[in-house]
2 protein chains.
Amino acid sequence: MSTYGQFCPVARAMDLLDERWTLLVIRELLEGSRHFNELRRGVPRMSTALLTKRLRTLVAAGIVERHEDTSRVVYELTPAGQELRGIVEALGTWGIRWMPELGDEHLDPHLLLWDLHRNLDLDAMPDTRTVLAFHLHDTRPAARDWWVVASDGQVDLCDVDPGWEVTARIEASLETLTRVWVGEIAWEQAVRVGALRTIAAESIRRQVPRWLKLSAFAKVPRPGGGDVLGA
Amino acid sequence: MSTYGQFCPVARAMDLLDERWTLLVIRELLEGSRHFNELRRGVPRMSTALLTKRLRTLVAAGIVERHEDTSRVVYELTPAGQELRGIVEALGTWGIRWMPELGDEHLDPHLLLWDLHRNLDLDAMPDTRTVLAFHLHDTRPAARDWWVVASDGQVDLCDVDPGWEVTARIEASLETLTRVWVGEIAWEQAVRVGALRTIAAESIRRQVPRWLKLSAFAKVPRPGGGDVLGA
DNA sequence: CAGTATCCATTTCGATACTG
DNA sequence: CAGTATCGAAATGGATACTG
């Protein structure tokens, strides 16, 4: 890690934090990932070597602690690391307000489902096993169908059919589902224009949007002033 | 500017902001610098070519506006850029709390005086011309003596004696004055241990610490809990 | 004042394959 | 599961000199 050679605390912080990928790894840790291969799923474009390197740097800086729990390695944020939450949230809030709309280069089915599956509102869902099947019609075959299985307070993500009865099937393009996820368009609006479809028993169908919590940044007010979600 | 290929708003923001130097340029703009060579003084280790490049990127991203005001080029933050203030402040607050103490590699006399001179409390100072002479005894000759001249609501920084009568002379090591500036030690404490000296008429001498406003981050509470400034 | 232009050493990182 | 090892392409950016 190089240094800016400035005493300014902003520069001191950036000495550590502005390296590529660093704050995304921290974001994943804040989201609750604790194991190496769990972190990888949140930053799939990062090579394992680079992830290792960043984790080491963060451990050395006192942001992360590494434990060799019996049989599994665990990474955890220290108090210093926890205190980055406000910065990560502020960055996301700024990003959603001021960065241009999503382009194809930002779309990633695996990442989307990974995010979706860890943000289900279990309290709003039935206590019995619930299976949501997602079909992204415009995506390459291997990334087209996904199953999110909630049971016993646990949520699993599968890219092959786990075989359980499907509670609801959600069909959309990758772009549409991503835009809904980040709050660029409202679920109801996507349904209205035919870009998103839920196939399920009528009573279930109306519940589904409440089961998906959307991105933490989806409801950040946009600079235009108009509330997209209400439109 | 490369992209992380993620729809996550944190990643979107970092696509733009985690490039080296970018947030320091923004910090300078937030501090009020508006001209190219003014910006350079805040990021002296950055080459002109790189500063140009970053400014261009920021203009293209809608963070900065460039005007060719008659005879001078002016850079200004757009509303999107202004909204980064909270992030920069949070980074500085985090940095002062959690980064290790200052090392020699972070000390820079020019940068220190540049910061000092733009953070004088003019309201607390006499209305007449006031000249503060700084002597950093451990610094290379060319960076040892500085004069900060306040008159008519303007403050100028000189590295050669401007000739005016000196109101107060402040002597310290570069390290001491920097530590005082960022709040690692209190002015009074530095005086008590003989690391800092003010030479002026007695009535003036007690005023001087109130004329210098210190870094905006100097009074951030440190994680230890002990308030260094009160110690 | 506000940049351009050029060169090249260094760094970075992605891809790929392998390991206890 | 949690990494290591290696390699080479590409990008980065520092130094230096120059310009309208």
Side-chain angles (χ1 to χ4, degrees), chain A residues 1-6 11 14-25 28-29 32-60 64-76 105 108 110-111 114 156-157, chain B residues 1-6 11 14-25 28-29 32-60 64-76 105 108 110-111 114 156-157:
Chain A
M1 178 183 50
S2 66
T3 178
Y4 285 112
Q6 297 198 357
M14 293 312 274
D15 278 345
L16 178 68
L17 299 175
D18 75 357
E19 274 194 312
R20 200 167 153 72
W21 291 110
T22 297
L23 271 166
L24 299 194
V25 172
E28 287 307 301
L29 289 162
S33 289
R34 297 160 51 85
H35 304 293
F36 192 84
N37 285 322
E38 211 174 353
L39 288 166
R40 288 195 62 188
R41 304 191 74 168
V43 284
R45 316 263 277 241
M46 199 179 180
S47 71
T48 62
L50 193 51
L51 177 53
T52 302
K53 189 179 169 189
R54 288 290 184 275
L55 285 169
R56 271 202 232 290
T57 303
L58 290 172
V59 169
V64 169
E65 268 182 22
R66 190 195 126 116
H67 307 285
E68 298 215 16
D69 200 3
T70 35
S71 79
R72 285 203 90 173
V73 177
V74 175
Y75 293 95
E76 278 178 312
E105 68 275 26
D108 182 324
H110 195 153
L111 222 35
W114 180 250
D156 289 313
L157 173 63
Chain B
M1 178 184 48
S2 66
T3 177
Y4 285 112
Q6 298 199 356
M14 292 314 271
D15 278 346
L16 178 68
L17 300 175
D18 75 356
E19 274 193 311
R20 199 167 153 75
W21 291 110
T22 296
L23 271 166
L24 298 194
V25 172
E28 287 306 302
L29 289 161
S33 289
R34 298 160 50 85
H35 304 294
F36 192 83
N37 285 321
E38 211 173 354
L39 287 166
R40 287 194 63 187
R41 304 191 73 168
V43 285
R45 317 262 276 241
M46 200 177 180
S47 71
T48 63
L50 194 50
L51 177 54
T52 302
K53 188 178 170 189
R54 288 290 183 274
L55 285 168
R56 270 203 232 288
T57 303
L58 290 172
V59 168
V64 168
E65 268 182 21
R66 191 196 124 115
H67 307 286
E68 298 215 14
D69 199 3
T70 35
S71 78
R72 284 203 89 175
V73 178
V74 175
Y75 293 96
E76 277 180 313
E105 68 275 26
D108 182 323
H110 195 153
L111 223 35
W114 180 250
D156 289 314
L157 172 63

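Naming: A, B, ... by sequence-line order, numbering from 1 per chain. Keep in mind the model is a prediction, meaning the values are calculated, not measured.
- OP1 or OP2 of C:dA2 has at least one side-chain nitrogen or oxygen of B:His35 nearer than 4.0 Å.
- Per the geometry, CG belonging to B:Leu50 stands 14 Å off C1' belonging to C:dT4, to the nearest Å.
- For the pair B:Leu55 CG and C:dC1 P, the interatomic distance rounds to 16 Å; values are reported in whole Å.
- For DNA chain C, if you chain together Watson-Crick or G-U pairs that step i with j, i+1 with j-1 and so on, the runs of at least three with distances under 3.5 Å are C:1-20 with D:1-20.
- Following rounding to the nearest Å, A:Arg54 (CZ) and D:dG3 (C1') show an atom-to-atom distance of 17 Å.
- Look at B:Glu38 and B:Arg40 and you find no salt bridge, because none of the NZ, NE, NH1 or NH2 atoms lies under 4.0 Å from a carboxylate O.
- Looking at every heavy atom in both residues, A:Leu23 comes nearest to B:Met14 through CD1-CE, 3.2 Å.
- Atom CZ of B:Arg45 and atom C1' of D:dG13 are 14 Å apart (whole Å).
- At a cut-off of 3.5 angstrom, the base of D:dT16 holds no donor-acceptor pair with the side chain of B:Ser47.
- Nucleotide D:dT12 holds its C1' atom 13 Å from the CG atom of A:Asp18, rounded to whole Å.
- By the salt bridge (Lys or Arg N to Asp or Glu O under 4.0 Å) test, B:Arg34 is found to be paired with B:Glu76, residues two or more places apart in sequence or in another chain being considered.
- Considering only side-chain N and O atoms, A:Arg72 lies under 4.0 angstrom from the phosphate OP1 or OP2 of D:dA2.
- Geometrically, B:Arg20 engages A:Tyr4 in a cation-pi contact defined by less than 6.0 Å to the ring centre and at most 45° from the axis.
- When distances run from any side-chain atom of B:Lys53 to the nucleotides C:dA2, D:dG3, D:dT12, the shortest one goes to D:dT12.
- Nucleic acid contact class of B:Arg40 (heavy atoms, under 4.0 Å, all strands): none.
- Distance, A:Leu51 CG to C:dC13 C1': 13 Å, rounded to whole Å.
- Atom CH2 of B:Trp21 is separated from atom CG of B:Leu51 by 10.0 Å, given to the nearest 0.5 angstrom.
- The nearest whole Å value for the distance from the CD atom in B:Glu19 to the P atom in D:dA10 is 19 Å.
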| query | For A:Arg54 and A:Met46, what are the C-alpha separation, side-chain angles and deciding distance, and is it a side chain to side chain contact (heavy atoms under 4.5 Å, CB included)? | reply | CA-CA 10 Å; A:Arg54 288 290 184 275; A:Met46 199 179 180; 3.5 Å; yes

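- One atom, CZ of A:Arg20, and another, P of D:dA11, lie 12 Å apart when rounded to the nearest Å.
- Side-chain N/O atoms of B:Arg56 include none lying less than 4.0 angstrom from OP1 or OP2 on C:dG3.
- In terms of position on DNA chain C, the residue among B:Asn37 and B:Thr52 whose nearest nucleotide sits closer to the 5' end is B:Asn37.
- Listed by chain and residue number, B:His110 satisfy the side-chain hydrogen bond (donor to acceptor under 3.5 Å, both in side chains) test with B:Arg41 (two or more places apart in sequence, or in another chain).
- Taking only side-chain nitrogens and oxygens, B:Tyr75 comes nearer than 4.0 Å to OP1 or OP2 of C:dG3.
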